[in-house]
> 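Once you've had a glance at the structure underneath, I'll fire off some questions.
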Amino acid sequence: MTSSRLTGLRLTWTLAALGMLALVLGGLVYVMDRGSAPVLIRPWMPQSPGQDVFGAAGAWLPTAMHTLAFSLFTALALPVGRAWHWGACAFWLLINALFEWGQHPSIAPVLADWIDDSLAGTLGSEALANYFVHGVFDAGDIVAAAAGALVAGLALHWTHHLRRPRHAP
Amino acid sequence: MRPEPSTRLGWLRAVALGTITLMGILTIVGSGGGLGSVCDTYPDSCQPLPPLPSARITPDKVVVQVGASATFLVETANITGPVTYQWRRSANGGLDYTDIPNATSSSLTLPAVNLADDNTVVKVVIRQGNGQLLEPTARLAVSASPGVVFEDTSFETADWQGVPVLLGGSPPFTHVEERIATGGLPGAYRRMTDQIAPGSGLSYMTHLQLPTAYDPRNQGAVRFIDFAQDCIVFTGSSLNYVESGPVLEQNGRSFVIDRNVPLCNSSSWTRVQRLALTAADFRQITGPACAVGETCPDFSLSALPLRMGYQRIAQTTPGGTVIHGIDNWRVTIWRR
């Protein structure tokens, strides 16, 4: 295996690990601060959930980490190229922003009605309607998604420099 | 015909991208989209969790004199089915434990303890089947000398001084205390009536025993303090609860405990106690601030005299009345 392919493989694994780490960090907010620990690990959790371990960061961290992680995963599945990679980041920023925007009080009821009318009985349609109706719109989440996408984009941009073959002078 | 490698890679890439996109969207929807728990968004999917099994040893800390016995009892809750017990002990603060032979019941008695047993940590390993369920611990301290006991069972009015504690600008309340000759446990007891201010929900009093004090300079440094009392809350007082723990007074400052303060909310006489309290268990509530380098409260050999008493925090509806009593107040000071 050539050294440039080896470098590429290492970078791929590093970025995948970074994405997984981001997902775990975002998930920890739900487990520690929002009392949403999976049943299997609850016996090892503190007795009273909702501890505020992450403080104010707990409000935006999950969205930022989600955008970061899935931007990286998507970019890794795409061909190597700056345009593809920035496109992946923009795609997840758009997805997260749209889902957040769908929770806005002026939009959520309309969306939920449309889901009830058009997708009634479809697997997951009720959860989707609940997501929009009961979720809390927060413009800060859109900013957080943008931050997550930007970090992912910069990480991918940086790896392009490392992937570039170096020639001896 | 086998597909070209580039076609296979294209399919593989498409499947990966589709899976990643689906997972990403499922994660967004599954998160609930709120600032609270997932259960806020999807209440139907969240079942209340069964209460967790718990166990504790009573007392969790105890001081006994050389030659006396120490008894520990394990209390469990939310455990169904048979369990087994194995008591263990540690001589190095809980780092290493050894099994105590034949100590497999829900209680443990260590007969005739000696100074080598001081600072022993005992633990009971509770097992169900092959699994280890819980292992609560307790601490034993052994004193070479007997405890110095301060107690009152008759509560002469002149022997006690009640002082209201007004925290954070809380409105004053009316407080009446009196000695009642009968109805105690047995005989006389001290009855307190608190008329809570309309704008408040509680009254806070400290009560100091006047005739006696403990002087560390003459009697020795304090290692531990045991506190015990019988308390009662009379019915018809629209009561929520009464907290009652020990009070120390030293050099114009009052100290109370603020963790695990005993609750008195029974309409019959109930014994409550806190054992093996150290200086670290007490928090100053009144008096001049503790200066830098000063120890407050001071339990050392050079400390100023300590007076003892009890505190009462009565909580009820604003404007309500709480009537409560105390008998068999007892403070034991264990010396170094």
Side-chain angles (χ1 to χ4, degrees), chain A residues 19 23 26-27 29-31 33-39 42-47 49-50 58-60 62-63 65-67 69-79 88 91-92 95-96 98-100 102-103 108 124-138 140-141 145, chain B residues 4-56 76-80 126-129 131-136 259-260:
Chain A
L23 271 190
V29 174
Y30 278 88
V31 172
D33 284 15
R34 301 192 186 181
S36 302
V39 170
R42 285 199 192 182
W44 289 275
M45 293 301 299
Q47 287 276 12
W60 54 264
T63 304
M65 292 298 107
H66 180 273
T67 315
F70 279 93
S71 296
L72 291 177
F73 296 151
T74 304
L76 292 176
L78 286 168
F91 172 74
W92 281 107
I95 291 284
N96 272 278
L98 285 177
F99 270 87
E100 191 65 34
Q103 295 177 334
S125 63
E126 196 181 342
L128 193 60
N130 276 343
Y131 172 86
F132 289 122
V133 172
H134 297 298
V136 179
F137 172 76
D138 181 4
D141 273 338
Chain B
E4 291 295 313
S6 61
T7 312
R8 275 191 312 213
L9 191 63
W11 273 106
L12 202 62
R13 182 168 279 154
V15 169
L17 286 169
T19 307
I20 290 168
T21 305
L22 185 65
M23 292 297 292
I25 291 174
L26 282 177
T27 317
I28 294 175
V29 177
S31 73
L35 294 172
S37 163
V38 173
C39 304
D40 298 341
T41 306
Y42 309 118
D44 293 344
S45 63
C46 295
Q47 300 296 322
L49 288 173
L52 293 173
S54 65
R56 63 175 188 151
T76 61
N78 307 320
I79 298 176
T80 52
I126 306 169
R127 286 194 181 90
Q128 195 165 43
Q132 191 163 310
L133 205 58
L134 294 162
E135 40 184 55
R259 285 179 298 148
N260 302 324

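Computed from a prediction, not measured in an experiment: that's the story for all the values here. Below, chains carry the letters A, B, ... as their sequence lines are ordered, and counting in each starts from 1.
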> Counting only heavy atoms closer than 4.5 Å, note whether P62(A) contacts chain B via side chain, backbone, both or neither.
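Looking at P62(A), nothing touches chain B.
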> Which bit of F137(A) comes within less than 4.5 Å of chain B, counting heavy atoms only: side chain, backbone, both or neither?
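No part of F137(A) comes within 4.5 Å of chain B.
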> Would you please name every residue forming a side chain to side chain donor-acceptor pair (under 3.5 Å) with R56(B), sequence neighbours left out?
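R56(B) satisfies side chain to side chain donor-acceptor pair (under 3.5 Å) with E75(B) once adjacent residues are dropped.
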> So which of L78(A), N96(A), I95(A), V133(A) has the largest heavy-atom pair count under 4.5 angstrom toward chain B?
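Looking at each option in turn, the highest pair count goes to L78(A).
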> Chain A heavy atoms under 4.5 Å from I25(B): which part of the residue, side chain, backbone, both or neither?
both
> Given a strict heavy-atom distance threshold of 4.5 Å, which part of F99(A) is in contact with chain B: side chain, backbone, both, or neither?
side chain
> Is a side-chain N or O of E135(B) found less than 3.5 angstrom from the main chain of R127(B), in a donor-acceptor match?
no
> Between the main-chain N or O of T27(B) and the side-chain N or O of H66(A), is there a donor-acceptor pair closer than 3.5 Å?
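No, the answer is negative, given that no donor and acceptor are paired below the 3.5 Å cut-off.
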> What's the separation between atom CG in L76(A) and atom CD1 in I20(B), rounded to the nearest 0.5 Å?
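Reported value, rounded in 0.5 Å steps: 7.5 Å.
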> For H134(A), does its backbone N or O pair with a side-chain atom of Q103(A) as donor and acceptor, under 3.5 Å?
no
